Engineer: 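Quick one: the structure is below, and I'll ask about it shortly.
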Protein chains: 2
Amino acid sequence: MTAKAQATRERLLVAAKQLVMSKGFAGTSIDDVLKATGLTKGAFFHHFKSKADLADQLMRWYAENDMKMFRTFLAEAEAAHDDPLQQLLHFLTDFEAYLCDPDHPPRGCMYALYTYEDDHFENSVKDFVSEILRTWTAMYIRKFQEVIDRYPPAREVTAKQLAEMIVAVIEGGLILERAHRNPGMAARQSEQFRAYLELLFPTASEQKAA
Amino acid sequence: MTAKAQATRERLLVAAKQLVMSKGFAGTSIDDVLKATGLTKGAFFHHFKSKADLADQLMRWYAENDMKMFRTFLAEAEAAHDDPLQQLLHFLTDFEAYLCDPDHPPRGCMYALYTYEDDHFENSVKDFVSEILRTWTAMYIRKFQEVIDRYPPAREVTAKQLAEMIVAVIEGGLILERAHRNPGMAARQSEQFRAYLELLFPTASEQKAA
DNA sequence: TCTATCATACCGACCAGTTGGTATGCAAAA
DNA sequence: TTTTGCATACCAACTGGTCGGTATGATAGA
């Protein structure tokens, strides 16, 4: 694939993402994508063998970018602190800033979008979404386990519970954000979650204050 | 409208809800609904003047049922306890049981589904969804305010923050539940939120233990 | 260096099936 | 008899998808 072809593929994916995020996948026609890019059917079906294939490639492309961002933030946080809890809080605040960034539409999460239209997707796509969410969760679990190992939680809690909660909280926040057309609600949810963490690990907070 | 006509309308709405919850709104055709009910176009367009009208009526019907359940659970909780925090916890556990009830598919929340397809809906519908979510939130806010007024929170927090968080947590939990085809995840999120509440209002927990 | 060959990248007309929506008819209820 | 509640037949627009074709190179043989 030449660089130009690569660029064309990217144009299609970018436009598709934009449209899908505001109209849903089934609600986005191939013609919509072509109108948005100025390309034609020939171009589309050269890069994607069907609409279902677009669903697949779009999700994988989205997840790849997503993961890249995740890892960047995580690496940054790990470089900035030794303490695992401080790393987590740092990561979350970075992520909150990202969520609030006005240059960053469209708002929302494509994993959530796909799950609410799942009857249209092949099992491979659904499994992929599930797997990606599990990967996110697993990365959180690791960090939370480190935290729990170091600081006694004020209440019995597992790393998995906390990991799933932060994912849920952000997904839910994004929904509220969209429903109320009020950017920042997802970030505020993450903030509340941090408040929970501070109550859970009071000894860590004391250490930080010291 | 006769009783039979009312029943027909209900049949259409029930089928539409089922289909929309698994395929999305745009992904559900009128013919799908008719196939599911055994009715015909004549029946459909007698009750709904367009597909957009179905979107509107379906959401209002859904919200009405939803609210009815909410109020029932709340009334029950208020009858069972004097203490506002105990009422809230009672409500949440009831709600968790409802979320886990296997007789209660399809899983998910139609408000979330609509927000992820919002470009297809008229503003009146989008505004309605926003308003309904606000109503839910408002009911939580009232309760949390009572709790905060009675018990000093271990950390500064507003009733609104807690109200939005429980909504977000459940919405997010429902997404995870769908993505992983793992019923019960939403309920587990609610459980974690209750853990947060117990840490926030320790004096109340002591009183309960006493 | 020129040219023949061929794969890549894209175009745009076209197709069959599906979409939301309409017009009409008709039986039963009011 | 009139209205309500639904069935049937139909339509134009749009859907995802196909297909013949073309422009653009890269490569390799002369």
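Fair warning: this is a prediction, and the values are worked out from it, not measured in the lab. First the proteins, then the strands, lettered A, B, ... as listed; each starts at 1. The figures that follow rest on heavy atoms only: side chains count, while hydrogens, waters and symmetry mates do not.
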Engineer: Taking OP1 and OP2 of dA9(C), is either one under 4.0 Å from a side-chain nitrogen or oxygen of His46(A)?
Structural biologist: yes
Engineer: Of Asp31(A) and Phe45(A), whose closest DNA chain D nucleotide lies nearer the 5' terminus?
Structural biologist: Asp31(A)
Engineer: Identify the two heavy atoms, one from His120(B) and one from Ala26(B), that lie closest to each other, and give their separation to 0.1 Å.
Structural biologist: CD2-CB, 3.3 Å
Engineer: Taking OP1 and OP2 of dG5(D), is either one under 4.0 Å from a side-chain nitrogen or oxygen of Thr2(B)?
Structural biologist: yes
Engineer: Please compare Gly42(A) and Ile30(A) by the position of their nearest nucleotide in DNA chain D and report the one closer to 5'.
Structural biologist: Ile30(A)
Engineer: Of all the nucleotides listed (dT15(D), dT19(C), dG16(D)), which has the minimum atom distance to the side chain of Ser29(B)?
Structural biologist: dT19(C)
Engineer: Could you tell me the separation between the CG atom of Leu12(A) and the P atom of dG16(D), rounded to a whole number of Å?
Structural biologist: 14 Å
Engineer: Let's see if you can work this out: which of dC10(C), dA7(D), dA13(C) has an atom nearest to the side-chain heavy atoms of Lys41(A)?
Structural biologist: dA13(C)
Engineer: How close or far is atom P of dA13(D) from atom NZ of Lys35(A), stated in whole angstroms?
Structural biologist: 14 Å
Engineer: For Asp32(A) and dG16(D), give me the distance from atom CG to atom C1', rounded to whole Å.
Structural biologist: 12 Å
Engineer: I'd like to know if Glu198(B) pairs up with Arg155(A) as an ion pair, taking the criterion as any Lys NZ or Arg NE/NH1/NH2 lying under 4.0 Å from an Asp or Glu carboxylate oxygen.
Structural biologist: yes
Engineer: Please report, rounded to the nearest Å, how far the P atom of dT22(C) is from the CZ atom of Phe44(B).
Structural biologist: 12 Å
Engineer: Would you kindly give the CD-to-C1' distance between Glu122(B) and dG20(C), to the nearest whole Å?
Structural biologist: 14 Å
Engineer: In whole Å, I'd like the distance from the CG atom of Leu39(A) to the P atom of dT8(C).
Structural biologist: 19 Å
Engineer: Please determine, for the side chain of Ala43(B), which listed nucleotide (dA7(D), dA9(C), dT4(D)) has the closest atom?
Structural biologist: dA7(D)
Engineer: For Lys49(B), is there an ion pair with Asp56(B) - N to carboxylate O distance below 4.0 angstrom?
Structural biologist: no
Engineer: Which pair of non-hydrogen atoms, one from Glu177(A) and one from Arg107(A), has the smallest distance, and what is that distance?
Structural biologist: OE2-CD, 3.1 Å
Engineer: Which word best sums up how the rings of Tyr114(A) and Phe121(A) line up, parallel for under 30°, tilted for 30 to 60°, or perpendicular for over 60°?
Structural biologist: parallel
Engineer: What nucleic acid atoms does Thr37(B) come within less than 4.0 Å of, heavy atoms only: base, sugar-phosphate, or nothing?
Structural biologist: nothing
Engineer: Could you check whether Lys23(A) pairs with Asp118(B) (Lys NZ or Arg NE/NH1/NH2 to Asp/Glu carboxylate O, under 4.0 Å)?
Structural biologist: no
Engineer: Can you confirm if the NZ or CZ of Lys160(A) lies within 45° of the ring axis of Tyr140(A) and under 6.0 Å from the centre of its six-membered ring?
Structural biologist: no
Engineer: Looking at Thr8(A), does any N or O in its side chain come under 4.0 Å of the phosphate oxygens OP1/OP2 on dA9(C)?
Structural biologist: no
Engineer: Where the side chain of Lys4(B) is defined as all heavy atoms beyond and including C-beta, which of dC6(D), dT19(C), dA9(C) is the nearest nucleotide?
Structural biologist: dC6(D)
Engineer: Quickly work out the Leu34(A) CG to dC14(C) C1' distance and round it to whole Å.
Structural biologist: 15 Å
Engineer: In residues 47-55 of chain B, which ones come under 4.0 Å of DNA chain C, going by heavy atoms?
Structural biologist: Ser50(B), Lys51(B)
